[in-house]
Every structure is written in C-alpha cells, then in structure tokens.
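Each remark here refers to the structure printed beneath this line.
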2 protein chains.
Amino acid sequence: MNDLPRTAGPIFNQDSTEFFYTHSADEMSGETVDAYIDRLKKAGVATFVSCGNAQRANYASEVWESDWHGYDSEGPDDQPVLKHALKEQIKPFRRRLDSAKRLSEMGVDFHERALARCRHHGMGAWMTMRMNDVHGCMELDSPLLSTFYKEQRAAKQLRNTHRDTSWADRSLDWERPEVQEHYFKFVCEQLSRYDMDGLELDWMRFGYHFRPGRELAGGHVITAWMRRMKKECERAAERLGHPVKLGVRVPSRPETARMLGMDGVAWAKEGLVDVVAPSPFWATCEFDIPMQEWGRLLEGTSVELVGCLEIRYQPIPYGPATMMTPELAAGAALSVLHGGADQVYLFNYFPSMHGLTDNWGAETIDSIFHAMKDASALEKLSRRHAITYRDVRAPGEPLDNALPATDLQNDMPSPSGCALRINTGPKPVDRMVELLLEFDPERADPASSKVYVNSIECGLKGAVIDGVARYAVPCDQLENESQVIDIIGGEAKAFTIVRAEISIAPTD
Amino acid sequence: MNDLPRTAGPIFNQDSTEFFYTHSADEMSGETVDAYIDRLKKAGVATFVSCGNAQRANYASEVWESDWHGYDSEGPDDQPVLKHALKEQIKPFRRRLDSAKRLSEMGVDFHERALARCRHHGMGAWMTMRMNDVHGCMELDSPLLSTFYKEQRAAKQLRNTHRDTSWADRSLDWERPEVQEHYFKFVCEQLSRYDMDGLELDWMRFGYHFRPGRELAGGHVITAWMRRMKKECERAAERLGHPVKLGVRVPSRPETARMLGMDGVAWAKEGLVDVVAPSPFWATCEFDIPMQEWGRLLEGTSVELVGCLEIRYQPIPYGPATMMTPELAAGAALSVLHGGADQVYLFNYFPSMHGLTDNWGAETIDSIFHAMKDASALEKLSRRHAITYRDVRAPGEPLDNALPATDLQNDMPSPSGCALRINTGPKPVDRMVELLLEFDPERADPASSKVYVNSIECGLKGAVIDGVARYAVPCDQLENESQVIDIIGGEAKAFTIVRAEISIAPTD
C-alpha cells in the first residue's frame with residue numbers, strides 16, 4: 001500500500017485542441033488560460049488533466065513536431081500543410097494553429113500556465129499523453145499526421161496492412177522499438193518540463209496498438225515500457241519534491257483490456273500504476289462499465305479506480321446518437337460511483353466544444369459537475385439511466401450490444417424471451433420512477449405487449465407517440481444496482497426495442 | 001490460507017440416474033457398484049462426485065421422497081406415477097426405478113458403497129447436490145417431480161409465473177424460506193450419512209433460482225444459506241475426523257454468476273467455499289471460460305479453481321450439435337488448465353450414457369481421462385480447439401455468440417471486419433497445425449476470401465467440400481493462449497462462418 005494523497009473528483013480531461021479551437025489568436029494570453037481554468041474551478045472540477053498531443057505537440061516541444069510545424073500564419077490557404085484539408089476544415093484549422101502558435105510565441109506554455117493556475121485553486125494538476133492518436137489518418141496528408149507517422153506508414157509498418165480499410169488498421173504498431181522510443185522521449189520531456197501531480201498514459205486514443213493476434217504478446221511489451229515510465233515518474237517526483245502519480249485509461253472491460261494488450265489489472269498488481277480509468281472509446285457513454293468487477297480485481301492494491309464518462313449517447317451501434325443530457329450524465333456518474341469507483345472522470349465534457357454550454361447552460365454544468373464529487377450529492381438530482389453498448393472489443397470478441405432487442409432474440413438459453421437490464425446505482429426511496437421504452441414503430445404496437453420490472457407488471461402511462469412508451473414503476477419495487485425489464489409481446493408481429501431508459505425524479 | 005489436501009483431477013461428476021438407467025434390477029449388487037467405480041479408476045478418474053438427487057433422492061432418504069416413491073414394481077404401466085409418461089419413456093423409466101429400488105432393498109446404499117470403493121482406490125470421494133433441478137417440469141405430472149415442487153407450483157410460487165413458457169420459468173424460488181429448508185435438511189442428511197471428502201452444491205442445475213430482477217438480492221439469501229452450510233460441513237468434519245470441503249458449480253463468467261445470485265467470488269473471499277467450478281449449463285462445452293479472470297478474482301484465497309467440461313459441442317445457439325470428440329475434449333481440458341485451473345472437471349462424461357464408450361472406445365476414454373491429470377500429458381495428444389458460446393446468461397445480459405460470423409457483422413467499432421478468436425492453450429512447438437472454417441455453402445465461396453491467422457495469410461489446403469475449408473497454419477506463428485483469425489471477403493456476396501476449429505497434431 002502506498003500513502004499517496006487521493007485524487008479528487010470529478011476529473012476533467014482537456015483535449016489537445018479545444019482551447020485553441022475555441023479561442024482566437026487575438027484572445028491568446030496567460031490570462032485567457034487562467035480564465036479557462038477558473039471556469040472549470042467554478043464548475044466544480046477537482047482535478048484537471050491537460051493533454052499536450054495528438055500526433056504532434058500543441059506546445060513548443062523540443063523532441064516532437066509542434067502542431068504548427070510547417071505552417072505559415074501569413075501564407076495562403078493552399079500552402080502545403082493545408083492543401084489536403086477539406087474546404088470547410090481550413091478556417092477552424094487555421095484558427096487553432098494560429099492560436100497555439102501565437103500563445104507559444106508570447107512565451108506562454110499552455111500546460112505550465114494551466115497547471116500553475118490549478119495549484120492556485122487547489123485543484124489537482126495532471127498531464128495526459130495520447131499513446132496512439134490517429135485523428136486524420138484516413139486522409140493521405142492531413143496536417144494532424146506527424147512525419148514519424150507518415151514514415152511508419154510509408155514503410156508499411158502500421159497495425160493492419162492486410163486490411164487497411166479503417167482508422168483501427170492504421171494505428172502505429174507498438175511492438176516496434178522506434179514507436180516505443182518516439183513516445184518515451186516525449187513523456188520524458190513532459191516529466192522534466194512540467195510540475196504535475198500525475199501523468200496519465202491514454203491508451204484509449206485510439207486503443208488498437210498491435211497487429212491482430214499480437215495483442216497478448218504486445219501487452220508484455222507495453223508492460224515493460226510502463227516499468228521504464230514508472231522510474232521516470234519517480235525521478236520527476238524527486239526533482240519536484242512531491243509524488244507524480246501514473247494513471248492509465250484502458251478499455252471498459254478487464255478481459256478486453258488484457259486481450260488488447262492494456263492489462264490494467266496486471267499493471268496495478270505490479271505497482272506500476274496509481275490510477276486506472278476503465279473507459280469507452282468515443283461512440284457512446286457506457287452505462288454498465290463493470291465497476292464491481294474492476295474493484296474486485298484491484299483488491300489488495302492501493303490503486304484508485306475511476307469511471308470514465310463520454311459525451312455521446314448512442315443506444316445502438318451505428319444508430320442515432322445525441323449528446324449526453326444533464327440527467328443522463330448524472331445517472332452514469334452515480335452508477336460508476338455506486339459501483340465502487342473512487343471518482344468520476346469526464347472525457348470530452350468541454351464547456352465550449354460539443355455544445356455543453358449551449359445545450360445544458362452554464363448553471364447546469366456547474367450543478368452537475370459539482371454533484372459529481374460524491375454519490376450522495378448526485379443521488380438528490382434528477383437522473384436517467386440508459387442502455388448503450390461498449391464500443392471497444394478485442395479482435396474476435398463477439399458483438400454484445402443489448403439493443404435493438406426483439407422478442408425473436410431469445411434471451412434465455414432454451415426458451416424464448418426478451419429481457420433488458422438497466423444499471424441504476426443506489427436503490428431510490430420515495431421517488432417518481434418512469435421506464436421509457438422506444439419501440440420501432442414499424443413493428444408491433446407497444447400497447448399489445450406486457451412490461452415487467454423485476455417481475456412486477458407496469459402499466460402504460462399516457463399515449464404512445466412515435467413508438468415511445470412510458471411506464472410508471474413503483475419505486476419500492478426497484479432493486480439496488482440494476483433492474484430487469486421483461487417484455488412479453490402479445491401478437492404474432494414481433495416488437496423491437498431501440499431505446500430503454502429509467503428516469504428517477506429529484507428529491508423535493 | 002487453509003492447508004486442506006488438494007483435490008486430485010480429473011474430477012468426474014456422476015449424475016443421479018445414469019447407473020440405474022444402464023444397469024438392470026437383476027444386475028444390482030454391491031459388487032456392481034464397485035465395478036462401476038473400478039471402471040472409472042481404470043480410466044484415470046481421480047475424484048468421484050456422486051449425485052444423490054434431482055427433485056427426489058435416488059437412495060432411501062429419510063427426509064426426501066425417493067425416486068421410487070409411489071411406484072409399484074409389480075404394477076401395470078398405467079399405474080399413477082407412470083400414467084403421464086410418454087409411451088417410449090416407460091420402459092427405461094421402469095428400469096431405472098426397479099434398479100434403484102432393488103439396490104436399496106438389498107440394503108446397499110449406492111453412495112456409501114461407491115465412496116468406500118473410491119477410498120479403497122485412493123480416489124477422492126465427494127457428494128454433489130442439485131440445488132434446483134427441473135427435469136420433467138414441462139410435463140404436468142412427471143414422476144421426476146417431487147410433491148414439494150408440485151405444491152410450490154400449485155401455490156404459484158415458482159420463479160416466473162408471468163411468463164411460464166420454459167423450464168427456466170419453472171424453477172423453485174430460492175427466496176422462499178421453505179425452499180431453503182427443503183434443501184437444508186437434505187444436505188444435512190447426506191453430511192451425517194456419508195463419509196465424504198467434500199460436498200458440492202450444484203447451483204448449475206438448473207441455474208435460475210430467483211424471480212427475474214431479484215437475483216442480486218437473492219444472492220445474499222444464498223450466501224446466508226451457504227454460511228449455515230459451511231458450519232454443517234465443519235460439524236461433519238469433526239464427526240468424520242477429516243476435512244469435508246465445500247464446492248460449488250457456478251456460471252462460467254464471474255459477473256454472470258454474481259448477477260444470477262451465485263457469487264462464487266464473494267463466497268471464496270468470505271472463506272465459505274473450497275472449490276469453485278465455473279461451468280456451462282448443458283447446450284455446449286465452452287471453449288473460452290475466462291479462467292485467467294477467475295484466477296485473478298480468486299487471488300489471495302486458498303480456493304481451488306476447476307474448469308468444467310460438458311459433453312455436447314454446439315458452435316451456434318440452436319444450431320447443429322454433436323457429442324465431444326476425444327480431440328475436442330483434450331483441447332478444452334488443456335485450455336482450462338493452461339488458463340490456470342487447478343483441475344479438469346467432467347460433467348456428463350459417462351462411459352455408458354451419451355455413447356462415450358461407443359463413440360470414443362474404452363481405450364480412448366482411458367488415455368484422454370488419464371492425460372487430463374496435467375497439462376504436460378494433454379499437450380502431447382492430438383487436440384482440437386473450437387468456438388462455441390456460453391449457454392447461461394443473467395436476465396438482460398445481451399447475447400454474445402461469436403458464430404455465425406459474417407463480414408456484414410462489423411467486428412471493429414467503426415469499420416467493417418470479421419475476426420474470430422480461438423483459445424488454444426500453450427503455444428505448440430513443431431506441430432502440424434490446421435485451421436478449419438466451415439462456410440455456409442449458400443453464401444460466398446471460401447476460395448474468394450482471404451484468411452489470416454495472427455495477421456499471417458494462410459493458404460487453402462485441398463478442396464472445399466460442403467463449405468468446409470482447411471488452411472495450413474505455420475506453427476511458429478501461433479501465440480500463447482489464443483489466436484486471432486481475420487477473414488476478408490473478396491466478393492460482393494457476403495460469407496457466413498458457422499464453425500471454426502484449430503487442430504494441433506500430436507507429438508511424434
């Protein structure tokens with residue numbers, strides 16, 4: 001057991017582009033960086049995690065190309081680094097590069113300034129590094145791509161050269177020593193340059209690091225690399241006079257993580273990491289990260305377990321998606337804390353990008369983020385729990401999305417049946433509880449089906465509109481942790497359920 | 001940590017009917033029981049687990065009805081206990097009842113005799129109890145049903161009265177105190193009646209013990225019941241002068257087990273159990289029980305972990321099935337041992353029923369069972385590893401069968417792709433290795449697809465017959481534990497794979 005101070009939550013991941021996308025070059029100054037952190041402080045963010053890279057550095061690195069490498073602020077829109085960009089990309093792109101470049105030229109290092117401001121506010125101050133970012137990889141010459149990456153690609157050394165049809169095929173291959181060294185030198189620079197409470201290695205950007213079938217062997221390569229990294233953190237801690245924790249983002253399921261070479265449990269048991277964050281990739285927030293299982297697997301270690309929320313809500317792979325609402329975020333956060341997470345971790349929850357301020361409003365951001373500090377605060381809010389799917393699987397792991405669900409999809413091993421499970425965190429007391437089931441309107445009518453929650457029949461509430469049916473659920477029939485919804489179709493025509501949510505009203 | 005003697009393997013589960021089905025009343029004698037055990041001893045069985053019940057006892061119990069309760073050996077075929085049986089059931093049924101009754105009337109208790117013979121041979125001697133057997137429950141008045149069960153049914157107290165279309169709906173509800181007491185008194189009888197090395201509680205017969213949605217709460221009920229049981233085992237140990245271990249069969253996935261109220265990990269951590277056997281139900285042997293994950297979850301306990309093999313091989317739910325071949329059994333057994341199981345556990349591997357002697361031959365039974373003692377012996381044999389599915393899921397857990405697999409089933413989260421994973425145990429050295437893929441012949445031709453094992457392209461070997469394609473796999477490209485097969489279709493017409501196996505030739 002170590003005796004490191006605990007990491008405070010919620011933890012907020014700031015990506016490497018948002019600040020520069022959402023602020024113009026003219027707005028650049030140290031004070032603007034301060035104001036950005038002040039906004040997060042006001043919202044209740046307790047630990048800030050600052051991201052310095054995708055394939056390039058967003059600061060003036062001495063060991064990696066910077067984002068504005070080869071870019072001429074005064075040059076035309078068809079200069080070499082921009083000529084392959086789509087027309088509509090050029091303006092925001094230039095804005096980001098102009099801003100990052102300008103701040104650097106003013107002698108302000110975003111991360112140095114942001115972390116210092118965090119200390120000023122008593123917030124945790126972390127760096128995070130994306131370990132295999134492939135934004136832009138489907139374009140031949142995106143300015144997001146590094147020279148190093150393009151060299152690996154030219155040498156046909158990317159992850160899956162025999163398929164090569166998607167971004168997952170085009171990741172760097174972490175079995176290659178030059179890839180390991182490329183990242184090692186960049187981490188070392190950050191550890192010697194910044195005063196940080198912790199360094200996160202973000203293995204979930206983008207999560208595929210080895211040739212298909214080489215993941216288990218590759219996992220040992222990453223583990224060996226992590227041992228080197230741990231030593232560098234210790235060296236930095238000595239220099240700084242305070243601990244520098246090591247954190248990781250890994251896939252949401254422990255076995256998937258292991259089978260993809262990101263064996264968070266093994267790293268924890270070996271004492272290589274201090275914080276483990278099971279995470280979805282991007283397509284959807286995951287409402288059933290198995291926190292209980294993670295907690296059991298990490299028993300006997302002093303590792304902090306945090307549950308990561310994404311910003312999208314997509315019940316069905318490739319199906320319709322929205323951004324998370326405040327109620328959904330409260331539900332997902334409460335569920336991970338109730339499942340045993342030490343903290344909630346927010347990924348892609350930017351006040352400005354993805355429309356959070358527009359959609360939620362500033363005050364709602366503040367109240368939700370503040371409540372994410374602990375379960376008892378969240379528990380008082382209006383919350384909504386849903387069914388989505390996990391968007392990262394190891395090659396060969398079967399699909400396991402719960403939706404769409406039909407009564408032709410046999411749920412029980414032998415007989416037919418259709419049941420759904422929704423994680424809801426702690427059992428609510430004396431609340432209005434409503435189940436929402438969205439039926440595919442082309443198929444059977446909801447009114448012909450019977451719906452049971454934990455074996456208690458629940459009646460339809462009001463009219464069914466566009467297939468959306470609502471049911472009153474007696475609060476005292478709810479269980480701790482999760483509810484089982486059993487649907488029995490009443491007609492020959494099969495039903496299909498495409499969305500399922502349980503909403504719990506706030507305390508009075 | 002306890003210091004109990006380790007349980008020897010392979011462990012052999014003898015069900016409550018096989019002996020009496022396969023031996024006539026005229027053959028009944030203590031010596032016949034001895035000969036039965038002698039046969040298993042010769043085969044290499046190291047621990048014998050004797051089953052005394054389904055819904056009734058197969059011995060002259062003083063606390064439960066016996067199988068022959070209400071049966072008149074001299075009576076006609078339409079006597080009350082037989083009148084609801086199908087015509088073709090009556091003869092084997094009567095044979096079983098006649099035999100069990102006769103043995104009992106001769107003053108021979110099958111279990112007492114069998115366990116004594118095990119001790120004579122130095123074999124482990126266990127009892128197992130089926131905790132919720134529902135054989136015959138779809139018939140109104142099967143002679144397999146107990147009076148107790150029929151009373152629960154009449155009172156509408158079974159598991160799922162709102163659906164009631166399958167056996168899973170018709171289990172007893174273990175939240176009911178009378179159910180708990182019904183089983184408690186039966187276990188106590190066995191603990192005071194027999195001299196056993198261990199008692200197994202078989203929660204996998206049939207695996208659904210609570211109303212849908214009540215499983216997590218119900219799990220606490222079972223755990224409390226297990227605490228009482230542990231005390232009874234300790235009392236028996238005192239009486240017998242040697243330890244009486246407590247074992248459990250639970251679902252193959254740890255989280256499924258927990259969500260069905262059979263929380264093997266919690267029982268292990270609380271010190272309630274000595275042996276945990278993750279098990280499929282019946283439909284198919286499971287080739288990817290996550291033994292590594294079980295091992296990690298049980299770390300820090302002294303619990304023995306055993307991997308359970310079933311006798312059927314069914315790649316696709318509701319698809320064609322065969323019995324396991326010796327090569328498949330060797331493959332499955334090696335895979336669980338390599339994954340960290342202490343022993344192999346055989347369920348439904350009877351020499352006589354299910355045709356094992358007819359299909360395998362007596363000598364093959366002996367050589368395969370003997371080899372199951374340890375991985376190094378198995379590793380020398382011809383073996384075959386396959387893809388099946390898990391046949392027990394908690395209500396609301398999504399389907400996750402890997403087969404059938406098509407190139408329309410998007411494997412990666414974002415792009416298309418079709419990959420399969422086959423667990424193969426230890427990496428073989430210098431062996432002939434072959435991949436078999438069975439394509440649905442109605443769809444795309446295998447010759448138009450490219451097949452990769454761990455990213456290495458493998459060539460078709462010989463002609464494709466009825467969709468079955470064989471590929472030569474370079475042995476040195478195999479990985480430890482599992483292999484990833486990546487299939488890329490070459491034509492607009494999609495392929496569908498319905499069976500996937502890797503065979504590894506024996507050592508010379």
Side-chain angles (χ1 to χ4, degrees), chain A residues 160 162-163 165-169 211-217 254-255 258-259 265 281 283 290 292-293 296-297 299-300 317-318 391-402 409-417 419-421 450 452-455 457 479-486 488, chain B residues 160 162-163 165-169 211-217 254-255 258-259 265 281 283 290 292-293 296-297 299-300 317-318 391-402 409-417 419-421 450 452-455 457 479-486 488:
Chain A
N160 188 339
H162 65 268
R163 184 183 297 276
T165 55
S166 90
W167 59 262
D169 302 324
R211 281 176 293 145
R214 290 293 301 172
E215 295 88 354
L216 285 167
E255 275 293 284
R258 187 177 71 86
M259 287 194 290
V265 174
F281 170 59
Q292 290 87 352
E293 190 180 20
R296 287 178 165 190
L297 286 163
E299 253 183 51
Y318 311 100
D391 63 352
V392 172
R393 287 172 298 119
E397 265 195 295
L399 279 165
D400 55 4
N401 42 299
Q409 178 177 321
N410 297 296
D411 181 72
M412 286 293 157
S414 178
S416 65
L420 297 169
R421 179 180 290 262
K450 289 192 172 190
Y452 301 80
V453 174
N454 303 333
S455 302
E457 188 173 356
E479 298 292 331
N480 209 18
E481 189 181 321
S482 66
Q483 321 305 326
V484 170
I485 296 114
D486 212 353
I488 302 185
Chain B
N160 187 342
H162 65 268
R163 183 182 297 277
T165 55
S166 90
W167 59 261
D169 302 325
R211 281 175 295 144
R214 290 291 302 171
E215 295 88 356
L216 285 166
E255 275 293 284
R258 187 177 73 84
M259 287 194 288
V265 173
F281 169 59
Q292 290 87 352
E293 190 179 20
R296 287 177 165 193
L297 286 162
E299 253 183 51
Y318 311 100
D391 63 352
V392 172
R393 286 170 300 120
E397 265 195 294
L399 281 165
D400 55 4
N401 42 299
Q409 178 177 320
N410 298 297
D411 181 72
M412 287 293 158
S414 177
S416 65
L420 297 168
R421 179 180 290 263
K450 290 191 171 190
Y452 300 80
V453 174
N454 302 334
S455 304
E457 188 172 356
E479 299 292 331
N480 210 19
E481 190 180 321
S482 66
Q483 320 305 326
V484 170
I485 297 115
D486 212 353
I488 302 184

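Residue numbering restarts at 1 for every chain, and letters A, B, ... go by the order of the sequence lines. Reckoned from all heavy atoms, side chains included, excluding hydrogens, waters and symmetry mates.
Taken to the nearest 0.5 Å, the CZ atom of Arg214(B) stands 7.5 Å off from the CG atom of Asn454(A).
Looking at Glu293(B), the atoms closer than 4.5 Å to chain A (heavy atoms on both sides) sit in the backbone and in the side chain alike. For Leu216(B), the part lying under 4.5 angstrom from a heavy atom of chain A is the side chain only. Only the side chain of Glu299(B) comes within less than 4.5 Å of a heavy atom of chain A; its backbone N, CA, C and O stay farther away. Using a 4.5 Å cut-off between heavy atoms, Pro212(B) touches chain A through backbone and side chain atoms alike.
Most heavy-atom pairs under 4.5 Å with chain A: of the set Val453(B), Val484(B), Asn480(B), this distinction falls to Val484(B). For chain B, the option among Arg211(A), Glu215(A), Glu481(A) with the highest count of heavy-atom pairs below 4.5 Å is Glu481(A). Heavy-atom pairs under 4.5 Å with chain A peak, among Lys450(B), Arg258(B), Met259(B), at Arg258(B).
With contacts defined as side-chain heavy-atom distances shorter than 4.5 Å, the pair Leu297(A)/Leu297(B) qualifies. Side-chain contact between Asp486(B) and Asn160(A): present, with at least one pair of heavy atoms (C-beta onward) separated by less than 4.5 Å.
Between Glu397(A) and Arg421(B) there is no salt bridge, since no side-chain nitrogen of the basic residue lies less than 4.0 Å from a carboxylate oxygen of the acidic one.
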Side chain to side chain contact (heavy atoms under 4.5 Å, CB included) between Glu457(B) and His162(A), worked out: CA-CA 9 Å; Glu457(B) 188 172 356; His162(A) 65 268; over 6 Å; no

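Considering every non-hydrogen atom in both Gly213(A) and Glu479(B), the closest pair reads O-CG, 3.3 Å. Taking each heavy atom of Ala419(A) and Pro395(B) in turn, the nearest pair found is CB-C, 4.2 Å.
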